[in-house]
Amino acid sequence: MKGWRKDLADLQQAEAASRAEAEILAARRAKLDRLREQGIEPFPYEYDRVEPIADVRAAHEGLEADTQTEARHRVAGRLASRRDQGGMSFLDLYDRSGRIQLQATSDTLSADAFARLTELVDLGDLIGVDGRAFVSRRGELTLHIEDFEILAKALRPPPDKRHGLQDTEARYRYREVDLMANEESRRVFIARSHIIAAIRRTLDDDGFLEVETPTLQPLYGGAAAEPFVTQHNALDRTLYLRIAPELYLKRCLVGGLERVYEIGKNFRNEGLSPKHNPEFTSIEWYEAYAEYGRAADRTERVVRAAAEKAGYDFEAEGALRFDRPWRRLTFARAVEEATGINLLAHATDESLRDAVRANPKLTKKIPEFEQLNWPKLADELLGEFVEPGLIQPTFILDHPVELSPLAKRHRDIHGLTERWEAYAGGMEIANAFSELNDPDEQRARFEAQVRYSEGGDAEAQPYDEGFVRALEQGMPPAGGVGIGIDRLVMLLTGRATIRDVVLFPALREL
RNA sequence: GCCCCUCUAGCUCAAUUGGUUAGAGCAGUGGACUCUUAAUCCAAAGGUUGAAGGUUCGAUUCCUUCGGGGGGCACCA
């Protein structure tokens, strides 16, 4: 449906939906007005000396049912539910740390205040409370309200108190509502924050510097992907949103910063899927005088620290054992185990195609194999037959040189590079190499990419003379790693889709 | 881009497989209730069944198109 027809449909739908909803919104506005008439400001400026609810709970752990205390606490949060009972009312309040029951009685509060709390305060409003702790006859820690204040009136109702917000689209589109309604959602994003903090801390402690490099780049590079293209008006030039920070970070190594990392957004102009958001967060670090084996060791440590900080249970059934050394398997061996093809024994396009052609199981999964060159075909074999089975953390080592234009050649095996990709849960989560620092070879690799590009490969990497020039200044040998943070968070929080770990994922226009 | 599934009250779900006036809980509204916690009880209210068209005596139910969402394929990290 396009143009006016769609507009009309939307209008009719909005019209139909409005009546019942309008009543609900009007009721809340009426209460707002009544509060103001009573001289109560529904949007005050502050409410200080608030204690996290979890701390209040911790302070009274283990008290028996039907116990009074003299302890007074001040908490603030959102009202989740209310059970009125005439001259008394129980309410549930929650903040980021937890939930606590409140009790209001007309004995303690003035008649006005009690009526305000039970009649003019709605579910979803933010309130602050001073109360005395006691444990109810049913054994629930409760604050008996001695004073309260409305901290912000909610003019829209909160989601269903039993079911929360379940509509998937609404959860992404109105994430603030998802966060307030679904504790599980809050838990994921708190874990995400902890994961990033743990990564940062681990690298900081190991002498790395956090740096920031351009997101708007005159020339994109550092990965195989299509970029977003944008325009700078004053400079009157085309700029690209970066697809990776890699090349700039290596220039920092040239400059002598020695150990650098950057946590930030990359942008790739590709389709959406449960594993792909057009903007995603990565950590890349580069360590001078190290190579890819050291990079792997450090990756294990960083991910383990992140998992621990996120409270990941390594002992749970089906848990990913990030707490143990990861399996290490060469690219060639992985492919041979899965397909029976020895890549190194089939070193030409034709030879490898022959080997694939001979096995119907392979041709079925890769029907376009006749059009693929050796590196693309090798990559397909890995992607189709190896990757889905890599559940426990695994390093796949030593990729073909044609697939890895920024990696050093393998020191022992011709045609390969010193590179690894790390997999877990059937997804690639990290990529690393002994960084190519020979400017002449880098130039030749870029030239090869340009030839692929001319051959129709939209993702071949562009020639970056500025980067080669930087290498000509001398870059120390280095190990570099990139980790997809969103995917790591998915694994560590047990989410199946990237949209559950990105606060505001890309959505169709409403 | 292709294939499959889905859309019912503000929210979460029903409607005996095409049959009378589309029901319930929550939320909201009015009322009762001083240890409740999915509080309970009483009352009223809330709907163009995603939209448009078609088949039929009759459509929430079947068909077509369009729109939203979900899942899969392809591409990618």
Side-chain angles (χ1 to χ4, degrees), chain A residues 1-3 5-28 30-31 65-66 80-92 99-108 114 119 122-124 134-140 142 144 156-173 177 181 223-226 243-244 266 268-278 280-282 367-368 379 383 387 421-423 427-431 458-459 482-488 490 496-499 507-510:
Chain A
M1 213 183 322
K2 290 275 162 12
R5 287 186 66 189
K6 183 177 189 304
D7 293 343
L8 187 61
D10 289 348
L11 265 178
Q12 287 170 338
Q13 205 169 343
E15 194 81 15
S18 67
R19 239 163 299 157
E21 196 174 10
E23 280 176 36
I24 291 171
L25 298 183
R28 285 180 177 252
K31 293 180 187 179
D66 205 9
S81 69
R82 178 169 51 207
R83 295 171 291 282
D84 288 333
Q85 210 165 331
M88 184 194 56
S89 182
F90 285 103
L91 310 91
D92 293 332
R99 175 183 284 248
I100 195 165
Q101 177 168 265
L102 310 174
Q103 183 195 43
T105 64
S106 52
D107 300 340
T108 304
F114 185 78
E119 291 169 22
D122 288 307
L123 300 191
F134 74 101
V135 180
S136 72
R137 286 175 203 162
R138 300 287 181 88
E140 171 118 10
T142 306
H144 183 79
R156 292 182 177 278
D160 190 284
K161 69 179 180 186
R162 293 184 193 172
H163 306 96
L165 184 64
Q166 296 199 346
D167 181 78
T168 316
E169 189 205 353
R171 287 187 45 232
Y172 300 146
R173 207 175 280 287
V177 183
E226 284 198 61
I243 58 173
N266 299 315
R268 299 190 184 174
N269 208 338
E270 291 150 358
L272 288 73
S273 89
K275 292 180 184 146
H276 301 87
N277 197 55
F280 67 99
T281 303
S282 73
E368 74 286 13
D379 202 32
E387 188 175 328
E421 290 182 299
Y423 293 85
M427 283 191 295
E428 183 188 342
I429 57 166
N431 181 25
E459 288 162 356
I483 300 177
I485 302 250
D486 310 275
R487 289 184 174 183
L488 182 62
M490 284 170 68
T497 163
I498 198 167
R499 289 180 158 190
L507 296 174
R508 221 174 277 260
E509 193 180 6
L510 200 58

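Just the heavy atoms: all of them, side chains too, but no hydrogens, waters or symmetry mates, feed the values below. Below, chain A is the first sequence line, B the second, and so on; all start at residue 1.
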*Asks:* Please determine if a side-chain N or O atom of A:Lys31 lies less than 4.0 Å away from the OP1 or OP2 oxygen of B:U29.
*Replies:* yes
*Asks:* Using atom CG of A:Asp160 as one end and atom C1' of B:A38 as the other, report the distance to the nearest whole Å.
*Replies:* 10 Å
*Asks:* When rounded to the nearest Å, what value does the distance between P atoms of B:G54 and B:A27 take?
*Replies:* 43 Å
*Asks:* Go nucleotide by nucleotide along RNA chain B from the 5' end; which of A:Ser273 and A:Glu428 gets its closest nucleotide reached first?
*Replies:* A:Ser273
*Asks:* Heavy atoms only: give me the nearest A:Ile498-A:Asn277 pair and the separation to one decimal.
*Replies:* CD1-N, 4.0 Å
*Asks:* Is it true that A:Arg83 and A:Asp92 make a salt bridge, defined as a side-chain N closer than 4.0 Å to a carboxylate O?
*Replies:* yes
*Asks:* Could you run through nucleotides 2-8 of chain B and give me one letter per nucleotide, 5' to 3': B if any protein heavy atom sits under 4.0 Å from the base, S if only the sugar-phosphate is that close, - if neither?
*Replies:* -------
*Asks:* Are the side chains of A:His144 and A:Thr105 in contact, using a 4.5 Å heavy-atom criterion?
*Replies:* yes
*Asks:* Between A:Thr105 and A:Gln166, who's closer to the 5' end of RNA chain B by nearest nucleotide?
*Replies:* A:Gln166
*Asks:* Between B:U60 and B:C2, how far apart are the two P atoms, rounded to whole Å?
*Replies:* 31 Å
*Asks:* In whole Å, what is the span from the CD atom of A:Glu387 to the P atom of B:C75?
*Replies:* 12 Å
*Asks:* How long is the gap from CE on A:Met88 to OG1 on A:Thr108, to the nearest 0.5 Å?
*Replies:* 11.0 Å
*Asks:* Report yes if some heavy atom in the side chain of A:Ser89 is under 4.5 Å from a heavy atom in the side chain of A:Gln103; otherwise report no.
*Replies:* no
*Asks:* Can you find a side chain N or O atom of A:Arg83 that sits less than 4.0 Å from OP1 or OP2 on B:A38?
*Replies:* no
*Asks:* Kindly indicate whether the side chain of A:Ser136 and the base of B:U36 share any N or O donor-acceptor pair separated by less than 3.5 Å?
*Replies:* yes
*Asks:* So, does A:Arg138 get its side chain near the phosphate of B:U36, meaning an N or O under 4.0 Å from OP1 or OP2?
*Replies:* yes
*Asks:* Name all residues meeting the side-chain contact (heavy atoms from CB on, under 4.5 Å) criterion together with A:Asp66; count only those two or more places apart in sequence or in a different chain, and write none if there are none.
*Replies:* A:Arg137
*Asks:* What's the CG-C1' distance between A:Leu165 and B:C26, to the nearest Å?
*Replies:* 14 Å
*Asks:* CD1/A:Ile429 to CE/A:Met490 distance, rounded to the nearest 0.5 angstrom?
*Replies:* 11.5 Å
*Asks:* If we ignore hydrogens and angles and just use 3.5 Å, is the side chain of A:Arg268 paired with the main-chain N or O of A:Pro278 as donor and acceptor?
*Replies:* no
*Asks:* Mind checking the P distance from B:U40 to B:G1? Whole angstroms is fine.
*Replies:* 49 Å
*Asks:* Taking the side chain as every heavy atom from C-beta outward, state whether A:Tyr423 and A:Glu387 have any atom pair closer than 4.5 Å.
*Replies:* yes
*Asks:* B:A77, B:U34, B:G25: which one has an atom nearest the side-chain heavy atoms of A:Ile498?
*Replies:* B:A77
*Asks:* Let's see if you can work this out: which of B:A77, B:U34, B:G28 has an atom nearest to the side-chain heavy atoms of A:Ile24?
*Replies:* B:G28
*Asks:* Considering residues at least two apart in sequence or located in another chain, which fulfil the salt bridge (charged side-chain N to carboxylate O under 4.0 Å, His left out) criterion with A:Asp122?
*Replies:* A:Lys31, A:Lys153
*Asks:* What nucleic acid atoms does A:Asp107 come within less than 4.0 Å of, heavy atoms only: base, sugar-phosphate, or nothing?
*Replies:* base
*Asks:* Establish whether the base of B:U36 is bridged to the side chain of A:Gln101 by a donor-acceptor pair shorter than 3.5 Å.
*Replies:* yes
*Asks:* Does the side-chain ring of A:Phe280 lie flat on the base of B:A77, meaning centres under 5.5 Å and planes less than 30 degrees apart?
*Replies:* yes
*Asks:* Please give the distance between the P atoms of B:A24 and B:C63 as a whole number of Å.
*Replies:* 30 Å
*Asks:* In whole Å, measure the gap between the C1' atoms of B:U6 and B:U49 for me.
*Replies:* 14 Å
*Asks:* Taking only N/O atoms, report every protein-nucleotides 31-33 of chain B pair under 3.5 Å with atom names and distance.
*Replies:*
{"unit_1": "B:C33", "atom_1": "N3", "unit_2": "A:Gly86", "atom_2": "N", "d": "3.2"}

*Asks:* Once Watson-Crick and G-U wobble pairs under 3.5 Å are found, how is RNA chain B written in dot-bracket notation, 5' to 3', with | for any base paired to another strand?
*Replies:* (((((((..((((.....[...))))..((((.......))))......(((((..]....))))))))))))....
*Asks:* For A:Arg171 and B:U12, what is the distance between atoms CZ and P respectively, to the nearest whole Å?
*Replies:* 12 Å
*Asks:* For A:Asn277, answer base if it contacts any base atom (sugar-phosphate contacts may also be present), sugar-phosphate if it contacts only those atoms, and nothing otherwise; contact means non-hydrogen atoms under 4.0 Å.
*Replies:* base
*Asks:* Could you measure the distance from the CG atom of A:Leu91 to the CG atom of A:Leu123? Nearest 0.5 Å is fine.
*Replies:* 8.5 Å
*Asks:* Nearest whole angstrom, please: distance from the C1' of B:C13 to the CZ of A:Arg162.
*Replies:* 11 Å
*Asks:* Any side-chain N or O of A:Arg82 under 4.0 Å from OP1/OP2 of B:A27?
*Replies:* no
*Asks:* Nearest to the side chain of A:Glu169 - B:U29, B:G68, B:G72?
*Replies:* B:G68
*Asks:* From A:Lys275 NZ over to A:Arg499 CZ, what is the distance, rounded to the nearest 0.5 angstrom?
*Replies:* 15.5 Å
*Asks:* Nearest 0.5 Å please: distance from the OG1 atom of A:Thr142 over to the CG atom of A:Leu102.
*Replies:* 8.0 Å
*Asks:* With C1' as the reference atom in both, quote the distance from B:A59 to B:A52 in angstrom, rounded to an integer.
*Replies:* 15 Å
*Asks:* Using whole Å, report how far CG of A:Leu123 lies from C1' of B:C11.
*Replies:* 13 Å
*Asks:* At a cut-off of 3.5 Å, list every protein nitrogen or oxygen paired with a nitrogen or oxygen from nucleotides 43-45 of chain B, distance to 0.1 Å.
*Replies:*
none

*Asks:* Between B:A39 and A:Lys161, is there an OP1 or OP2 to side-chain N/O distance shorter than 4.0 Å?
*Replies:* yes
*Asks:* At their closest point, which heavy atom of A:Pro159 faces which heavy atom of A:Val177, and how far apart are they?
*Replies:* CG-CG1, 3.1 Å
*Asks:* Under 4.0 Å between any heavy atoms, over every strand shown, what does A:Pro158 touch: base, sugar-phosphate, or nothing? Just pick one.
*Replies:* nothing
*Asks:* Distance-only, no hydrogens or angles: does the A:Asp167 side chain make a donor-acceptor pair with backbone N or O of A:Ala170 under 3.5 Å?
*Replies:* yes
*Asks:* Taking atom P in both B:A22 and B:G46, compute the distance separating them and give it to the nearest angstrom.
*Replies:* 13 Å
*Asks:* Rounded to whole Å, please give me the gap between CG in A:Asp92 and P in B:A27.
*Replies:* 12 Å
*Asks:* Roughly how far apart, to the nearest Å, are B:U21 and B:A15 at atom C1'?
*Replies:* 14 Å
*Asks:* Has the side chain of A:Arg487 got a donor or acceptor atom that lies under 3.5 Å from a matching backbone atom of A:Glu428?
*Replies:* yes
*Asks:* Rounded to whole angstrom units, what separation is found between the CZ atom of A:Phe134 and the P atom of B:U37?
*Replies:* 14 Å
*Asks:* Sub-3.5 Å donor-acceptor pair from the side chain of A:Asp84 to the main-chain atoms of A:Gly86, do we have one?
*Replies:* no
*Asks:* Do the side chain of A:Ser106 and the base of B:U34 come within less than 3.5 angstrom through a donor-acceptor pair of N or O atoms?
*Replies:* yes
*Asks:* Tell me if B:U17 is syn or anti. Syn = glycosidic torsion within 90° of 0, anti otherwise.
*Replies:* syn
*Asks:* Roughly how far, to the nearest 0.5 Å, is CZ of A:Arg82 from NZ of A:Lys161?
*Replies:* 10.0 Å
*Asks:* With sugar-phosphate meaning primed atoms plus P, OP1 and OP2, does A:Ala224 contact a base, only sugar-phosphate, or nothing at under 4.0 Å between heavy atoms?
*Replies:* sugar-phosphate
